[in-house]
Amino acid sequence: MRAIIVKTPGGPDALEEADVPEPVPGPGQVRIRVAAAAVNPVDAAVRAGTLAAAGLMSFDARPAFGIGMDVAGTIDAIGAGVTGRTPGDQVIGLQDRLDVPHAGYAEKIVLDASAVARAPRSASPAEAATLPLNGLTALQALDLLDLPPGATLLVTGAAGAVGGYAVELAAHRGLRVVASAAATDEALVRGFGAEMFVPRDVHLADAVRALVPGGVDGAVDTALLAAAALDAVRGGGTFAAVNGGPAIPVPLRGISVRNAWIRADAAQLAALVDLADERRLTLRVADTLPLAEARKAHTRLESGGLRGRLVLIP
């Protein structure tokens, strides 16, 4: 079976195509023949060794690591005890573990059944593959904030993959969204449901507070602005970051600062699929490339400027 692996951390050239044993589903697991695998910034962090340096994985533990967290495809085998899933089901799923011998960039992947939901009927496999990681990150960040309808929310990086989903999900919950993105993306994020807009090249807190006196009730910081985004939140508000490290600001002024560490959740994923089929979520594909061109995909990812995700096709 073909898979992309990493033996030694580094740049895009660290990605290697290898012939690996076909995985076998264990109890509570399903095997998916991968039709599409999204390329995400966390994949680049795995490949580069950034997450290993943070103590989240160790390249001393395995001779090689798999890469790729979310996929779309077809179940072709099930393990003992799995109910509600059968071979032939079109599904999407999330690999939320880092310490695995191979992952989404492969012809097949084994996932826990609790990490899998039916694929959107309204989407291609490439489009569907963009939903699990980014959609769940946005949803779980909003759940951490737990804002009531009518509350104000700042979303930084609102034109990005996670940010776009956060705007759409927040608008669906009845929140009043202030979106921060490039000036050229204003029409895009307003189309997602943002009520207010702030260009990213202005002083964020001053601009937000001019729109929402006293500051917003909460923020989802997908652009990793940390303290600059926190300053736009009112005292006693809530703040959710979507990664760790220096992007977690000090909880000034009684603001609850939380980190949205992604977890696989089939029920939440199914809810996102329903919203996608209702055309309430926009699944964006920047481009598709063959699995063998994973290095090229990572080079393009790190060049920036993408709207939507690159997707690898085995």
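Atom set for the values below is all heavy atoms of this structure, side chains included, hydrogens, waters and symmetry mates excluded.
Using a 4.5 Å heavy-atom cutoff, the side chains of Leu312 and Lys296 are not in contact. When side chains are defined from C-beta on, Val198 does not count as touching Leu154, because their heavy atoms never get closer than 4.5 Å. Contact annotation: the side chain of Val155 never approaches that of Val189 to less than 4.5 Å [non-hydrogen atoms, C-beta and beyond].
Between the CG atom in Leu291 and the CD atom in Glu17 there is a gap of 6.0 Å [rounded to 0.5 Å]. To the nearest 0.5 angstrom, Leu225 atom CG is 8.0 Å from Thr222 atom OG1. Distance check: Ile4 CD1 to Arg295 CZ gives 8.5 Å after rounding to the nearest 0.5 Å. Of the inter-residue distances, the one linking Leu269 atom CG with Asp274 atom CG reads 10.0 Å to the nearest 0.5 angstrom. Atom NZ of Lys108 and atom OG1 of Thr74 lie 11.0 Å apart (nearest 0.5 Å). Atom CG of Leu136 is separated from atom CE of Met69 by 10.0 Å, given to the nearest 0.5 angstrom.
Cluster membership for Leu98 and Ile5, using ILVMFWY side-chain heavy atoms within less than 4.5 angstrom, is not shared. Follow the hydrophobic side-chain contacts under 4.5 Å out from Val285 and you never reach Leu281; the two are in separate clusters. Under the 4.5 Å side-chain contact rule for hydrophobic residues, Leu94 and Val110 do not share a cluster. Under a hydrophobic-cluster definition in which Ile, Leu, Val, Met, Phe, Trp and Tyr are linked whenever side-chain heavy atoms come within less than 4.5 Å, directly or via other members, Leu144 and Val250 are assigned to different clusters.
The list of side-chain hydrogen bond (donor to acceptor under 3.5 Å, both in side chains) pairs with a residue in residues 233-242, not counting sequence neighbours, reads Asp217-Arg234. Annotation: salt bridge (charged side-chain N to carboxylate O under 4.0 Å, His left out) contacts involving residues 163-172, sequence neighbours excluded, are absent.
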Can I get a per-line list of side-chain donor-acceptor pairs under 3.5 Å for residues 300-310, giving both atom names and the distance, sequence neighbours left out?
unit_1 : atom_1 : unit_2 : atom_2 : d
Arg300 : NH1    : Asp287 : OD2    : 2.7
Glu302 : OE2    : Arg47  : NH1    : 3.2
Glu302 : OE2    : Arg47  : NH2    : 2.7
Ser303 : OG     : Thr299 : O      : 2.9
Arg307 : NE     : Asp185 : OD1    : 3.4
Arg307 : NE     : Asp185 : OD2    : 3.1
Arg307 : NH2    : Asp185 : OD2    : 2.7
Arg309 : NE     : Asn40  : OD1    : 2.8
Arg309 : NH2    : Asn134 : OD1    : 3.3

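Arg173 pairs by the side chain to side chain donor-acceptor pair (under 3.5 Å) definition with Asp143, not counting sequence neighbours. His298 is linked by a ring-ring contact (aromatic ring centres under 6.0 Å, His included) to Tyr105, counting only residues two or more places apart in sequence or in another chain.
Closest approach of Ala117 to Ala270, counting heavy atoms only: CB-N, 3.8 Å. Ala103 and Gly68 make their closest contact through CB-O, 3.1 Å (heavy atoms, listed as atom of the first residue, atom of the second, distance). Of all non-hydrogen atoms in Ala227 and Pro249, the two that sit nearest each other are N-CB, 3.9 Å.
Taking Ile, Leu, Val, Met, Phe, Trp and Tyr as hydrophobic and joining them when side-chain heavy atoms fall under 4.5 Å apart, one finds Val71 in a cluster with Val30, Ile32, Val34, Ile75, Ile78, Val82, Val91, Ile109, Leu111, Val116.
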